[in-house]
J.: 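A single structure is presented below for examination.
Naming: A, B, ... by sequence-line order, numbering from 1 per chain.
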Number of protein chains: 2
Amino acid sequence: MARTQGSHAEITGPRIRAAALRLFAQQGYAAVSMRVIAREVGVQAGALYNYIPDKQTLLFELMRDHLVELMEAVRPCLDGPAEARLEAFVRFHIAFHHARLDAVFIAYMELRNLTPDNFAEIEGLRGQYERLLQDQLDMGVHDGAFAVADTRIASMAIIAMLTGVNTWFRADGRLSLGDVQEMYWQMVHRMVSVGGTVSP
Amino acid sequence: MARTQGSHAEITGPRIRAAALRLFAQQGYAAVSMRVIAREVGVQAGALYNYIPDKQTLLFELMRDHLVELMEAVRPCLDGPAEARLEAFVRFHIAFHHARLDAVFIAYMELRNLTPDNFAEIEGLRGQYERLLQDQLDMGVHDGAFAVADTRIASMAIIAMLTGVNTWFRADGRLSLGDVQEMYWQMVHRMVSVGGTVSP
DNA sequence: GTCTATATTCTGATAGAC
DNA sequence: GTCTATCAGAATATAGAC
């Protein structure tokens, strides 16, 4: 039997998430009403509740899905010699985050709008990613490939520096994404190199 | 003649700003109502409008005052040889921002809640501060004190790295603020030094 | 699966008494 | 300078028709 007219289960769910992602990033979670999300999708506000239990869960799942995808995508960067792994991580972080401006923005800016339980889960995922970089630095120091006074501080500094690219880089500017990846890798390389020297 | 009972003009204004600063930082501008601010101060919502024209202006002035204070406080860091100026800037940025967690948070997170005119003014002030660091790097490169491929990129990277301290550093942790200032200066020093070498 | 209608609470801002 | 009362509208979420 044909589907009831006006029924679009397979596409409405993803469209709600896509609209919420963009609107939350542009205006903020608290400033975006369920009615505005519904209008963007082309349904009435009540229909949203066929797909999401409430607004809070919608926010939480957007953040969780982003971080889970990040953790899966970073895996290929963890093979090879220490310096190659770090370079791969730097280039990956910049490219992955540039391709997901809205999700990155939300994952950083809307933490305070999560319930305590949801906040704990998101912070756990973020901590795993930060720990990943710290482990890379620890192994490089152990190998003698890197010289870093405090790998926890260095990993936080590097992640902040790389994520900061999203605040100013636009693909139509004077630099390509490849230019930016190259320059950031040079800066990170200098930061962690033994004796402050970088071999050519 | 004695002041009307219940009248506290001199202290209510600053208390409104202090309460708004803290609440906006904790919950976000859009999530904080005028009634909640008023309750925090200990007055009724209507009384707030003796001190501020509207909620938007309250947010704008908090951000503007923070950035104006930042621009004034950074001035003493701009004297001396290139390397000393950069070290002073690094230490200053970390200390100044650590002492103003709420204002820094708001100045970064609530930009999207400003009207276009107010946004332009705030972005102008932030741009002045970023340009200040870039000028320092330019002068150091010109002197031969620094080797930096792109001073604009390097200044954005350094500011993001330094501001990121606010996301994880707490004074009761394993490191003192002085420890952190020292380690970040070492990392920045390595990043900008000629030939990637750092003299002892 | 989507609609309309609704319950309940809250919102920013103003008017006028004191 | 602060209060109370109020306006006009928006918020999240639910109920029940189709």
J.: Taking the side chain of Gln44(B) as its heavy atoms from C-beta onward, which of dT4(D), dG12(C), dT2(C) lies nearest to it?
T.: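 Out of dT4(D), dG12(C), dT2(C), the nucleotide with an atom closest to Gln44(B)'s side chain is dT4(D).
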J.: Rounding to a whole Å, what distance do you find between Ile52(A):CD1 and dG1(C):P?
T.: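 Between P of dG1(C) and CD1 of Ile52(A): 14 Å.
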J.: Any donor and acceptor pair, going by atom type alone, linking the side chain of Gln56(A) with main-chain N or O of Asn113(A) inside 3.5 Å?
T.: yes
J.: Does the Lys NZ or Arg CZ of Arg126(A) fall within the cation-pi geometry relative to Tyr108(A) - under 6.0 Å from the ring centre and within 45° of the axis?
T.: yes
J.: Rounding to a whole Å, what distance do you find between Gln56(B):CD and dA13(C):C1'?
T.: 15 Å
J.: Mapping Val36(A) and Gly42(B) to their closest nucleotides on DNA chain D, which lands nearer the 5' end?
T.: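 Checking each residue's closest nucleotide, the 5'-ward one belongs to Gly42(B).
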J.: For the hydrophobic clusters of this structure (ILVMFWY residues joined by side-chain heavy atoms under 4.5 Å, transitively), does one cluster hold both Leu162(A) and Met183(B)?
T.: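 Yes: a chain of side-chain contacts under 4.5 Å links Leu162(A) to Met183(B).
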J.: In whole angstrom, give the distance that lies between atom CD1 of Ile37(A) and atom P of dA10(D).
T.: 17 Å
J.: Would you please confirm or rule out a distance under 4.0 Å between OP1 or OP2 of dT11(C) and any side-chain N or O of Ser33(B)?
T.: yes
J.: Would you say Tyr51(B) reaches dT2(D)'s phosphate, i.e. side-chain N/O to OP1/OP2 under 4.0 Å?
T.: yes
J.: Is any NZ, NE, NH1 or NH2 atom of the basic residue among Glu110(A) and Lys55(A) found under 4.0 Å from an Asp or Glu carboxylate oxygen of the other?
T.: no
J.: Just the rounded figure in Å: distance from C1' of dT14(C) to NZ of Lys55(B).
T.: 17 Å
J.: Would you sort out whether Phe146(B) and Leu137(B) count as a side chain to side chain contact (heavy atoms under 4.5 Å, CB included), showing the intermediate values?
T.: CA-CA 7 Å; Phe146(B) 303 147; Leu137(B) 297 179; 4.2 Å; yes
J.: Take the protein atom CZ of Arg39(A) and the nucleotide atom C1' of dT2(C), then report the distance between them rounded to whole Å.
T.: 17 Å
J.: Closest to the Tyr49(B) side chain: dT14(D), dG12(C), dC3(D)?
T.: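 The closest nucleotide is dG12(C).
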J.: Which whole-number value in Å describes the distance from Arg35(B) CZ to dG12(C) P?
T.: 7 Å
J.: In whole angstrom, give the distance that lies between atom CE of Met34(A) and atom P of dT14(D).
T.: 10 Å
J.: Respond yes when some side-chain nitrogen or oxygen of Thr12(A) is under 4.0 Å from OP1 or OP2 of dG1(C), and no when none is.
T.: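 For Thr12(A), the contact criterion (side-chain N or O under 4.0 Å from OP1 or OP2 of dG1(C)) is not met.
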J.: Asn50(B) side chain: which of dA13(C), dC3(D), dG1(D) is closest?
T.: dG1(D)
J.: If you check the Ala47(A) side chain, which of dT6(D), dC3(D), dT2(C) turns out closest?
T.: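 Within the option list, the nearest is dT2(C).
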J.: What is the distance, rounded to the nearest whole Å, between atom CZ of Arg15(B) and atom P of dG1(D)?
T.: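 Going from CZ in Arg15(B) over to P in dG1(D) covers 16 Å.
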J.: Assign Val41(B) to base, sugar-phosphate, or nothing according to its heavy-atom contacts below 4.0 angstrom with the strands shown.
T.: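 Nothing, no nucleic acid heavy atom in range.
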